[in-house]
Amino acid sequence: MTVVGTPAPASAGPAETLEPRAMTVPFPFSPSLLAERVAVVTGGATGIGLAIACALTEAGASVVITSRSAERLTAAEMEVARRTGRPVWSLPCDVREEDDVARLRDFVSARCGAAAIVVNNAAANFRMPAEKMTGRAMRAVLDTDLLGTYQVTRAFFDDLRSTGHGSVLSIGIAAVERGFPGYSHAGAAKAAIASLTASWASEWGPHGIRANCIAPGPVPTKGVWENMLGQPPSSAADAGAQAFAQYAQAVPLRRLGTPQDVAAAVVFLSSDLAGWITGVTLTVDGGLNLTLGP
Ligand SMILES: CCCCCCCCC/C=C/C(=O)SCCNC(=O)CCNC(=O)[C@H](O)C(C)(C)COP(=O)(O)OP(=O)(O)OC[C@H]1O[C@@H](n2cnc3c(N)ncnc32)[C@H](O)[C@@H]1OP(=O)(O)O
Ligand SMILES: NC(=O)C1=CN([C@@H]2O[C@H](COP(=O)(O)OP(=O)(O)OC[C@H]3O[C@@H](n4cnc5c(N)ncnc54)[C@H](OP(=O)(O)O)[C@@H]3O)[C@@H](O)[C@H]2O)C=CC1
């Protein structure tokens with residue numbers, strides 16, 4: 001049976017939610033919803049990107065995943081096949097490198113055909129106080145999150161247009177208009193992505209291309225632990241794990257997000273079910289932004 005993300009119970013420790021989990025509720029979309037569509041997912045080997053690759057595959061799309069690491073991509077290919085019973089294709093690509101992105105476009109076209117869905121999920125992040133932010137640190141994040149998103153999307157513009165139902169999904173961050181203290185580089189990049197999305201939606205709507213942004217709240221992936229908070233917890237008793245459990249209590253829905261929560265929104269917005277939705281930023285955060293005050 002095909003299935004999509006289960007809400008983690010409020011009592012579940014973060015160790016249980018570090019990577020996309022076995023799905024345990026019926027997959028809510030038809031397995032032919034995205035049949036004949038080709039999708040590209042950047043950063044698709046881990047965390048939220050891997051869950052998106054699985055969900056798009058479950059919905060019938062032919063999916064190509066990218067990241068910088070060939071090793072992680074090979075592992076992800078096997079994982080998607082294990083979970084969905086269907087193959088995905090992969091190519092190493094650094095979204096900051098124009099030549100890599102051009103190779104990616106050619107690879108997708110040759111293997112699967114014109115891409116109808118582009119998911120900009122690759123990102124970099126690490127904690128750095130604003131007054132200590134070096135130019136290199138700022139550029140490392142802006143180049144990955146913002147330039148990478150722009151570069152990949154632009155490379156696939158002709159393909160998206162040629163399908164007559166192109167869809168660009170870019171992953172932002174919830175409540176970014178309030179800033180992102182400690183992560184001003186990522187906050188700036190993600191805010192700019194929401195604006196890019198709106199510009200693309202206006203300019204490319206007449207070409208049949210929709211562009212939307214999904215803005216997740218906290219999802220305790222391995223990437224978040226390693227790049228933002230230190231090593232992943234070894235058990236739910238770790239101090240970091242306890243902090244996460246407490247954090248979950250601030251969320252109106254009383255849990256942190258799962259990669260599948262984000263993936264379900266991607267499938268919906270990629271599909272014809274959302275055929276008249278463009279230029280929006282959809283917040284997927286259990287209502288956390290509502291607790292931040294006026
Ligand atoms: C309670 C719960 C709430 C939980 C609340 C949770 C909210 C989560 C919101 C969002 C989460 C995410 O985005 S999660 C996504 C996380 N995933 C990732 O980041 C994976 C990919 N990351 C990476 O590859 C790297 O971290 C990346 C930054 C890109 C490194 O790229 P490069 O190799 O090109 O960069 P480098 O040459 O190594 O470094 C460039 C500069 O950046 C600095 N730099 C690089 N990594 C650094 C680091 N870890 N810490 C400090 N500084 C760093 C270097 O010092 C350099 O500056 P100089 O020293 O001046 O030379
Ligand atoms: N987890 C969370 O709480 C939240 C996450 N987000 C966003 O969700 C998305 C996924 O994050 P998450 O799954 O948590 O973290 P991950 O670290 O698992 O995902 C980031 C991915 O981006 C890839 N990547 C990084 N730099 C590049 C690059 N230059 N070129 C190509 N790929 C690259 C990484 O692969 P590799 O290193 O192999 O290149 C990795 O697969 C990101 O956009 C993130 O900002 C937003 C809000 C909250």
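Numbering of ligands and ligand atoms starts at 1, following listing order.
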Working for ring pair (Phe, Tyr, Trp, His ring centres under 6.0 Å), residues F126 and H185: CA-CA 9 Å; F126 49 84; H185 44 13; 4.8 Å; yes
Selection from A122, A45, S69 by shortest heavy-atom distance to atom 24 (N) of ligand 2: A122
Approximate separation, where rounding is to 0.5 Å, of I193 CD1 and N120 CG: 7.0 Å
Min heavy-atom dist G148 to ligand 2 below 4.0 Å: no
R127, any N or O under 3.5 Å of ligand 1 N or O: no
Nearest neighbour in protein (non-hydrogen) for atom 51 (C) of ligand 1: F126 CD1, 3.5 Å
Validation row: R210, V168 side chains within 4.5 angstrom (heavy atoms): no
Any protein heavy atom < 4.0 Å from atom 13 (O) of ligand 1: yes
Residue I173 vicinity, atoms of ligand 1 by number, heavy atom under 4.0 Å: 9 (C), 10 (C)
Rounded distance [0.5 Å steps], CZ in F268 versus CG in L169: 10.5 Å
Least distance between heavy atoms, G47 atom then P259 atom: O-CB, 3.9 Å
Side chain proximity check, L282 to N212, heavy atoms < 4.5 angstrom: no
T42 to ligand 2, any heavy atom closer than 4.0 Å: no
Closest protein heavy atom (residue, atom, distance) for atom 27 (C) of ligand 1: A124 CB, 4.0 Å
Heteroatom proximity flag, N121 to ligand 2, N/O under 3.5 Å: yes
Nearest neighbour of atom 5 (C) of ligand 1 from the list P218, A140, S69, on a heavy-atom basis: P218
N125 near ligand 2 by a heavy-atom separation under 4.0 Å: no
4.5 Å side-chain heavy-atom contact, I65 and V63: yes
Passing candidate, side-chain contact (heavy atoms from CB on, under 4.5 Å) with V41, options L56, I48, L50: L56
Closest to atom 13 (O) of ligand 2 (judged by heavy-atom distance), picking from D285, I52, I48, V152: I48
Heavy atom of the protein closest to atom 59 (O) of ligand 1 (residue, atom name, distance): T134 OG1, 4.6 Å
Under-4.0 Å heavy-atom contact with ligand 2, by part of K222 that carries it: neither
Ring centres under 6.0 angstrom apart (W89, F107): no
Which residue and heavy atom of the protein sit nearest atom 55 (O) of ligand 1, plus the separation: M128 CE, 4.9 Å
CD (E98) with more than 12 external heavy atoms under 6.0 Å: no
Closest candidate by heavy atom, reference atom 12 (P) of ligand 2, pool T46, T221, D94: T221
Ring geometry between Y247 and F244 (parallel below 30°, tilted from 30 to 60°, perpendicular above 60°): perpendicular
Close N or O approach (V219, ligand 2; < 3.5 Å): yes
Side-chain touch I117/V40, heavy atoms, less than 4.5 angstrom: no
Salt bridge (Lys or Arg N to Asp or Glu O under 4.0 Å) between D106 and R103, worked out: CA-CA 5 Å; D106 292 346; R103 264 194 299 276; over 6 Å; no
Option with minimal heavy-atom separation from atom 23 (C) of ligand 1, where the choices are H185, R68, E226: R68
Min heavy-atom dist A186 to ligand 2 below 4.0 Å: no
Identity and separation of the nearest protein heavy atom to atom 3 (C) of ligand 1: Y247 CE2, 3.7 Å
Nearest-neighbour protein heavy atom for atom 18 (C) of ligand 1, which is reported as residue plus atom name and distance: N227 ND2, 3.3 Å
Atom 34 (O) of ligand 1 - nearest protein heavy atom and its distance: R96 NH1, 2.7 Å
Side chain, backbone, both or neither: V95 near ligand 2, heavy atoms under 4.0 Å: both
Backbone N/O of G275 and side chain of D272: donor-acceptor pair under 3.5 Å: no
Ligand 2 versus A124: contacting region, heavy-atom distance under 4.0 Å: neither
Heavy-atom gap P259 to ligand 2 smaller than 4.0 Å: no
Whether over 12 other heavy atoms sit under 6.0 Å from E36 CD: no
For atom 2 (C) of ligand 1, the protein heavy atom that lies nearest, with its residue and separation: F244 CE2, 3.4 Å
Protein heavy atom under 4.0 Å of atom 30 (C) of ligand 1: no
Residues, nucleotides or ligands: over 12 heavy atoms within 6.0 Å of R154 CZ: no
Minimum non-hydrogen distance to atom 20 (C) of ligand 2, winning option of A51, A123, G223: A123
Polar contact flag for T144 and ligand 1 (N/O pairs, less than 3.5 Å): no
